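Here the structure is a predicted model, which means the values were calculated and not measured.
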Amino acid sequence: MRDFGDLYEQQYAVALFNVVRFEIEGGGGGQSQLLHRKDPLAGRNIFSGNLFQYLEENRKWRNRFVSVPSGYTINLYESKSAHDRGLHSKVSIDCAGYKALTSMEEYMELINDSLPGVKAKAGGVPFIKCPTNFPLILWHPYARHHHFCVMTEKEQKKWHAVLQDCVRHSNNGLSEEDPVQTPAFTDSVRLYRQAQGHYGTWDLMCGAPPQILANLVMETLQPELRDVIGPRLKGKMQQRQRNWMLISGAVYKQVLSQTNRQYAALVEASEAERAPLDARLRTDMDQLITSKEHVCSKIRALVLPKADQVLRTNVQPYISSILDALMEPTSRGFSEVRDVFFKELVDISKNSLNRGSKEEVGEQLERLSMLAFHPMKMQSCYEKMEQLNLEGLQQRFDVSSPSVFISRAQILMRQQMDNAVYTFEQLLQQSLKDQGEEDICKTIHKCQDRVIKKYDYDSSTVRKKFFREALLQIIIPYMLQQLAPSCTPELPRFKEMIFEDFSRFLLVENLYEEVVLQSVTKDTMMAVKEAAVQRKHNLYRDSMVLTNSDPNLHLLEDTPQVDWATNFGGDEAVGSMGSSTEGGGIGRRRRQVVSMIQLEGLPLPYESCLEVPGVELIPEEDIPESKDEEAEEELGPSEDPKSPDSVDEIRDLINPMLEVELPESEEKQADVVSGTEMTTGTITMEDGVQEQVTHVTTIVEDNPRRSVRDKSSPQTILRELMGSQKERVTEEEAAIQKAIEEMELAVQDEDGEQPAEASTAESDNDSQPQATDCGSRNDSGFQSPTNEGLNESESEPIKNGPNGEAKMADAVPVEPMFILGCFKREMFDLWGKLPENFFESFFIVFLIQFISFYSLPVI
């Protein structure tokens with residue numbers, strides 16, 4: 001930034017000299033035939049609707065309401081109601097330098113190129129899982145990426161056209177409102193990059209000056225960061241790609257904040273010197289011009305012979321090829337603009353003839369006024385230019401990509417379309433005032449012919465200017481690069497020819513580039529003139545002037561924009577305009593250029609922030625569901641998705657922390673203290689990879705540990721386990737418990753009889769059962785409901801007396817055959833309810849409990 005600041009101070013004085021000289025000497029280009037609208041998008045929105053956004057902080061997709069105002073900034077709100085209430089947007093995206101993508105494959109290819117050494121396999125899983133087949137991604141080589149998705153292909157095409165229009169508008173160069181700051185800045189950036197060895201076009205010369213400066217810094221900084229940080233990224237391939245994306249975005253954000261502050265200070269210091277510099281220039285202008293011509297003649301004598309040789313050998317044979325490659329798609333694009341405009345006017349004429357409704361004609365004219373800013377209707381024009389191919393010429397002339405020329409031509413197409421529409425509106429309104437509305441179709445047809453003729457002339461002029469500028473953008477950097485070894489060392493001696501008072505306004509480097517520009521301009525002009533003769537490109541010759549132009553037409557440029565809804569809609573249209581902010585009538589359609597997408601059978605959830613349907617079927621790695629929901633609830637309404645903004649957070653991504661619990665003996669616990677110490681060594685991860693350890697942080701827990709005397713006895717632990725087991729009784733255990741009760745009741749019916757008669761009394765017990773209520777000690781966790789709450793040390797009374805009195809059961813020996821027969825009889829009906837292979841295990845458990853209760857001898 002210090003080096004750039006020095007260049008900017010020098011170029012600011014040179015740009016001021018050129019502006020003052022132009023004011024004094026006068027001059028300018030020819031006047032266009034079409035009118036130019038100053039603020040075409042005043043009070044309008046480009047587009048609004050719903051899509052799903054990927055939140056980086058919790059790796060979830062959420063529904064967002066998106067609004068694209070006239071400034072082409074993408075604003076994301078939590079819901080439509082938040083937007084209508086005027087709340088701040090959750091995210092605001094400036095699309096300068098971005099690229100709109102529609103496939104994860106293309107996105108992952110760019111990610112792989114940004115981090116060498118980390119290559120994804122063909123068909124591998126990306127680190128972001130899109131829940132639908134229609135993703136939308138805003139990719140930037142340095143800044144944070146933004147990921148969206150929609151539900152249908154129709155939505156994807158519409159949103160992609162809108163995002164491309166946002167990128168196209170944001171990349172439309174610097175504002176020309178200040179004729180001093182803009183050329184001073186662009187020349188400073190160009191000279192700075194040339195000093196770094198970059199002479200060709202630059203794709204990231206887009207956005208506001210602080211953004212361009214941030215791109216300039218990152219152009220040098222990112223390779224250094226990649227070499228230092230890239231090998232130290234840990235984890236799987238997808239995790240390393242994600243971490244690198246977060247690190248790059250965080251660094252770019254910090255760099256952008258610095259460039260904003262430093263550029264503002266630089267402009268303030270330069271503007272403070274503007275008044276005294278302007279006074280000196282106006283006083284010494286004649287002497288400055290004379291001194292400049294003298295030095296230029298000396299430089300020309302040195303440079304021209306070498307420049308002519310390079311031009312004849314390496315440039316002239318390829319000028320026609322470059323021009324043909326540029327003219328073919330450009331001419332098709334401007335021809336498509338003409339066809340789209342003509343088709344819209346034909347539709348309006350047909351509607352006026354067939355239906356004759358003034359309101360419908362007013363609606364069509366209202367839509368026509370925003371035709372140039374409708375990304376879907378203009379998409380066919382833009383696609384013609386995207387076919388530009390400079391392959392082969394790019395390597396020879398060091399052209400990074402044709403995107404610079406494609407974007408510029410598309411902006412010119414949009415400007416010419418808007419000029420044609422605005423001119424038609426003004427002519428139609430004037431004709432309707434003079435001739436009335438009786439034969440509106442005939443009036444539209446006459447205005448249409450006049451505008452088409454003016455469009456053909458202006459589009460020819462604009463295209464020829466575009467071709468000349470494109471040729472110079474390709475050839476001049478190549479010429480400077482070729483002449484640098486022989487001419488640049490000779491330039492310092494020309495500084496002695498400039499007076500010290502004029503040294504701020506006359507710089508040798510700028511004079512040298514002007515000489516090279518003059519040597520090339522003649523050949524480029526001749527090439528464009530020869531191309532104009534060919535009818536296939538539909539270009540007018542420079543000698544042709546549109547003689548039947550309207551002399552008073554340009555007086556209408558300052559006329560307010562025509563309100564067709566009011567003119568053709570009457571009082572009802574005026575009322576709808578007054579309520580346009582509430583979304584009523586024609587006024588709402590006027591305020592939004594592109595209509596919103598309404599899906600049949602799938603209403604858009606404006607009022608809520610919902611997950612994508614089916615997104616829960618895509619598990620995210622190492623992110624519990626509950627934590628994700630808690631993290632989202634903690635976000636404020638205007639809080640942006642978090643990224644590693646601090647140095648410590650970036651360092652944690654490079655050197656991740658691994659928690660390991662190591663036991664320590666009681667003798668060594670007193671010597672262990674919390675703290676961090678440096679060490680060297682390795683640790684084996686779960687996947688078997690050896691990772692290097694640089695720091696070890698010890699954390700001693702404050703939880704007191706039990707001593708040996710505090711430990712519970714085995715009986716206590718057993719009772720706790722038995723109690724916990726009772727709480728987890730399943731339905732199968734409930735059936736077993738019921739069977740035990742019924743069997744014990746059956747056994748106690750025969751408790752009062754003699755053991756010798758036990759075998760013969762079995763049939764009598766079936767016909768004369770007594771009402772009994774027995775319980776048993778249950779040591780294995782099976783316990784009947786009647787036994788709950790009893791003390792384990794007390795005996796359970798058996799109520800089998802004649803009057804129901806309680807009697808203590810004595811230990812009476814029972815034959816094992818009786819036990820088996822009783823068990824089989826009572827469990828026969830429950831056989832189908834028991835699990836398979838469960839009978840044998842259950843019988844053994846029951847036999848042990850029964851023997852223990854009656855104190856039977858164990859065999």
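Within the 4.5 Å cutoff, no side-chain heavy atoms of R190 are placed close to those of W202. Between N419 and D458 the shortest side-chain heavy-atom distance does not fall below 4.5 Å.
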**Report entry** Test side chain to side chain contact (heavy atoms under 4.5 Å, CB included) applied to R59 and K129, step by step
**Finding:** CA-CA 9 Å; R59 304 187 190 181; K129 302 173 184 176; over 6 Å; no
Query raised in the report: Can you check side chain to side chain contact (heavy atoms under 4.5 Å, CB included) on M370 and L41, steps first, answer last?
Result: CA-CA 8 Å; M370 289 290 103; L41 294 174; 3.7 Å; yes
Requested in this report: Give the intermediate values and the outcome of salt bridge (charged side-chain N to carboxylate O under 4.0 Å, His left out) for residues E366 and R44.
Outcome: CA-CA 12 Å; E366 200 61 51; R44 300 177 187 265; 3.6 Å; yes
Requested in this report: Report the C-alpha separation of H146 and Y98 in whole Å, then their side-chain angles, then the decisive distance to 0.1 Å, and conclude whether the side chain to side chain contact (heavy atoms under 4.5 Å, CB included) test is met.
Outcome: CA-CA 10 Å; H146 301 277; Y98 278 90; 3.6 Å; yes
Query raised in the report: Taking it one step at a time, do Q181 and Y12 satisfy side chain to side chain contact (heavy atoms under 4.5 Å, CB included)?
Result: CA-CA 7 Å; Q181 290 185 10; Y12 186 87; 4.2 Å; yes
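Centroid-to-centroid, the aromatic rings of F4 and F185 come within less than 6.0 Å.
Between the S248 side chain and the W244 main chain, no donor and acceptor come within less than 3.5 Å of each other. No donor-acceptor distance shorter than 3.5 angstrom exists from the side chain of D165 to the backbone of A161, with no hydrogens or angles considered. When atom types are taken as modelled, the side chain of D418 and the backbone of R414 share no donor-acceptor pair closer than 3.5 angstrom. Without hydrogens or angle criteria, E155 side chain to T152 main chain gives a donor-acceptor distance under 3.5 Å.
For the side-chain hydrogen bond (donor to acceptor under 3.5 Å, both in side chains) with N243, the lone residue among Q241, R240, Q239 that qualifies is Q239. When each of R144, H145, R242 is tested with E56 by the rule side-chain hydrogen bond (donor to acceptor under 3.5 Å, both in side chains), just one qualifies, namely R242.
Residue F405 comes nearest to T201 through the heavy atom pair CZ-CG2, 4.2 Å, listed as atom of the first residue, atom of the second, then distance. Taking both residues in full, the closest heavy atoms of L365 and E425 are given as O-OE2, 4.0 Å, listed atom of the first, atom of the second, then distance.
By the 30° and 60° cut-offs, the orientation of the rings of Y8 relative to Y263 is perpendicular.
Side chains of H374 and R367: a donor-acceptor N/O pair is absent below 3.5 angstrom, by distance only. Remark: the S380 side chain and the E336 side chain contain an N/O donor-acceptor pair separated by less than 3.5 Å. Residues N171 and S407 bring no donor and acceptor atom of their side chains to less than 3.5 Å of each other. Defined by atom type and a distance below 3.5 Å, a donor-acceptor pair is missing between the side-chain atoms of Y142 and E219. Side-chain atoms of S92 and N75 form a donor-acceptor pair, as typed in the model, at a separation below 3.5 Å.
A salt bridge links R274 and E271; the closest N-O separation between the charged side-chain nitrogens and carboxylate oxygens is under 4.0 Å.
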